[in-house]
Asks: 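First the structure, then my questions, so here it is.
So you know, we letter chains A, B, ... as the sequences are listed, proteins then strands, and number each from 1.
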There are 2 protein chains.
Amino acid sequence: MVRRISIDERAELLPEPPVAELTLTTVLAALADPVRLTLLRVIADAGDGPIDCGDCAAAAPDITRSESTISHHYKVLRDAGITRTHKQGRHRIIEIRRGDVEARFPGLLDAVLAAPGPGA
Amino acid sequence: MVRRISIDERAELLPEPPVAELTLTTVLAALADPVRLTLLRVIADAGDGPIDCGDCAAAAPDITRSESTISHHYKVLRDAGITRTHKQGRHRIIEIRRGDVEARFPGLLDAVLAAPGPGA
DNA sequence: CACATCGTTCGATGAGCGTCGAAGAATCAC
DNA sequence: GTGATTCTTCGACGCTCATCGAACGATGTG
């Protein structure tokens with residue numbers, strides 16, 4: 001279980017789409033990847049975050065991908081509107097936009113995260 | 001609304017994966033396409049089928065794709081385990097495997113089909 | 001039988017994705 | 001400042017995907 005941390009006042013919010021612009025196909029496409037699903041589950045296990053991106057990736061030892069690939073996946077999740085990311089010093093703080101996703105696609109995230117995951 | 005039809009005894013069942021082999025990423029990937037989502041909604045509107053594949057495609061006038069492309073999308077849905085298809089004479093009869101999908105991924109199909117769809 | 005109907009299969013094409021290593025940017029520690 | 005840490009960006013690579021038209025197969029109709 002990854003430790004939750006708090007977001008500093010001076011942390012910068014990385015660009016993300018507003019709730020109303022979340023599209024179903026984009027969200028589903030973002031969820032349809034085993035690496036991203038694994039990362040999301042780590043965050044969900046930590047109460048949806050916020051957690052350190054580095055801790056998140058390290059908490060999933062079955063993910064054997066380069067740092068640039070992981071960074072790419074974080075961006076896909078963020079661009080889809082599923083996660084929110086703040087940059088805080090050298091670290092990135094990530095959390096699930098549970099309320100936003102739930103408001104637009106009720107039940108979707110629960111169903112996906114509760115489902116037998118990748119490799120199950 | 002498309003008319004439901006019955007499946008003949010002699011109709012041949014097209015190959016499909018058993019319930020236990022449905023994978024989350026495959027199902028999500030199959031759902032993450034606007035054309036397939038539209039087709040699925042037509043079937044869902046007809047009580048999950050069974051309906052004629054031709055009627056199904058014709059009931060979605062916003063889908064402007066060739067016949068071969070539509071056929072491809074039906075196959076993706078079938079291979080993912082979301083739909084079941086019987087061939088009956090010259091026609092194909094399609095239905096949603098609601099129980100199977102629900103058993104493996106509870107709430108997923110409801111959430112996706114109830115969500116504001118492609119173009120909404 | 002010949003012909004039409006319904007759908008699949010077969011290349012082919014162009015776009016996009018997941019992946020990597022190398023280079024870059026920003027921040028912290030000394 | 002120098003150097004280490006943390007993550008992003010930048011090509012590049014191979015692969016998959018959505019799409020099409022043309023050809024094919026199977027079935028029904030005359």
Asks: Which pairs, with at least one residue in residues 106-116 of chain B and sequence neighbours excluded, count as a side-chain hydrogen bond (donor to acceptor under 3.5 Å, both in side chains)?
Replies: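 Applying side-chain hydrogen bond (donor to acceptor under 3.5 Å, both in side chains) to every pair that reaches into residues 106-116 of chain B, excluding sequence neighbours, yields Arg98(B)-Asp110(B).
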Asks: Can any side-chain N or O of Arg78(A) pair as donor or acceptor with the backbone N or O of Arg84(A) at less than 3.5 Å?
Replies: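 The answer is no, because no donor-acceptor pair under 3.5 Å joins these two groups.
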Asks: Listing request: all side-chain hydrogen bond (donor to acceptor under 3.5 Å, both in side chains) pairs with a residue in residues 36-47 of chain A, at least two apart in sequence or in separate chains.
Replies: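 Those involving residues 36-47 of chain A are Arg36(A)-His73(A).
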Asks: Applying side-chain contact (heavy atoms from CB on, under 4.5 Å), run through Arg97(A) and Ile82(A) and close with a yes or a no.
Replies: CA-CA 6 Å; Arg97(A) 294 173 64 180; Ile82(A) 301 173; over 6 Å; no
Asks: On DNA chain D, reading 5' to 3', which nucleotide is the first and which the last to sit with an atom under 4.0 Å from a heavy atom of chain A, could you check?
Replies: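 So the contact region on DNA chain D extends dT5(D) to dT9(D).
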Asks: Taking atom CG of Leu108(B) and atom CG of Leu22(B), what is their separation to the nearest 0.5 Å?
Replies: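 It is 10.5 Å, given to the nearest 0.5 Å.
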Asks: Determine the minimum heavy-atom distance between Leu24(B) and Val112(A), stating which atoms define it.
Replies: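 Taking every non-hydrogen atom into account, CD2-O, 3.6 Å.
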Asks: Which is true for Asp55(A) with a 4.0 Å heavy-atom rule: it touches a base, it touches only sugar-phosphate, or it touches nothing?
Replies: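 It contacts nothing in the nucleic acid.
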Asks: So which of residues 87-96 of chain B are in contact with DNA chain D, with a heavy-atom cut-off of under 4.0 Å?
Replies: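 Within residues 87-96 of chain B, the residues near DNA chain D are Gly89(B), Arg90(B).
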Asks: Could you measure the distance from the CZ atom of Phe105(B) to the CG atom of Leu31(B)? Nearest 0.5 Å is fine.
Replies: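 Answer rounded to 0.5 Å: 10.0 Å.
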Asks: List the atom of Val27(A), the atom of Ala80(A), and the distance in Å for their closest heavy-atom pair.
Replies: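 So the two residues come closest at CG2-O, 3.7 Å.
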Asks: Applying salt bridge (charged side-chain N to carboxylate O under 4.0 Å, His left out), can you list everything that pairs with Asp79(A), at least two apart in sequence or on another chain?
Replies: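 Expected list: Lys75(A).
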Asks: State whether the side chain of Glu102(A) and the backbone N or O of Gly107(A) hold a donor-acceptor pair below 3.5 Å, judged by distance alone.
Replies: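 Flag set: sc Glu102(A) to bb Gly107(A) pair under 3.5 Å.
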Asks: By the rule that ILVMFWY residues connect when side-chain heavy atoms come within less than 4.5 angstrom, directly or transitively, which residues belong alongside Ile7(A)?
Replies: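 Besides Ile7(A), the hydrophobic cluster comprises Ile5(A), Ile93(A), listed by chain and residue number.
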Asks: If you link I, L, V, M, F, W and Y whenever their side-chain heavy atoms are under 4.5 Å apart, who else ends up in the same group as Val19(B)?
Replies: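 Under the 4.5 Å side-chain rule, Val19(B) groups with nothing.
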Asks: Give the residues of residues 57-81 of chain A touching DNA chain D, defined as any heavy atom closer than 4.0 Å, sorted by residue number.
Replies: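 Heavy-atom cutoff 4.0 Å gives Glu67(A), Ser68(A), Ser71(A).
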Asks: Can you sort out which residues in residues 1-9 of chain B have a heavy atom within less than 4.0 Å of DNA chain D? Ascending by number, please.
Replies: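 Per residue number, the list is empty: none.
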Asks: What's the shortest heavy-atom distance between Cys53(B) and Tyr74(B), and which atoms?
Replies: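 Heavy atoms of Cys53(B) and Tyr74(B) come nearest at O-OH, 3.0 Å.
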Asks: Arg92(B): what forms a salt bridge (charged side-chain N to carboxylate O under 4.0 Å, His left out) with it, not counting sequence neighbours?
Replies: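 For Arg92(B), no residue satisfies salt bridge (charged side-chain N to carboxylate O under 4.0 Å, His left out) once neighbours in sequence are set aside.
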Asks: Taking side chain to side chain donor-acceptor pair (under 3.5 Å) as the definition, give me every residue that meets it alongside Arg10(B), ordered by chain and number, with sequence neighbours left out.
Replies: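 Testing Arg10(B) for side chain to side chain donor-acceptor pair (under 3.5 Å), a comparison that skips the adjacent residues, returns Asp8(B).
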Asks: Of all nucleotides in DNA chain C with an atom under 4.0 Å from a non-hydrogen atom of chain A, which is the first and which the last going 5' to 3'?
Replies: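 So the contact region on DNA chain C extends dG18(C) to dC28(C).
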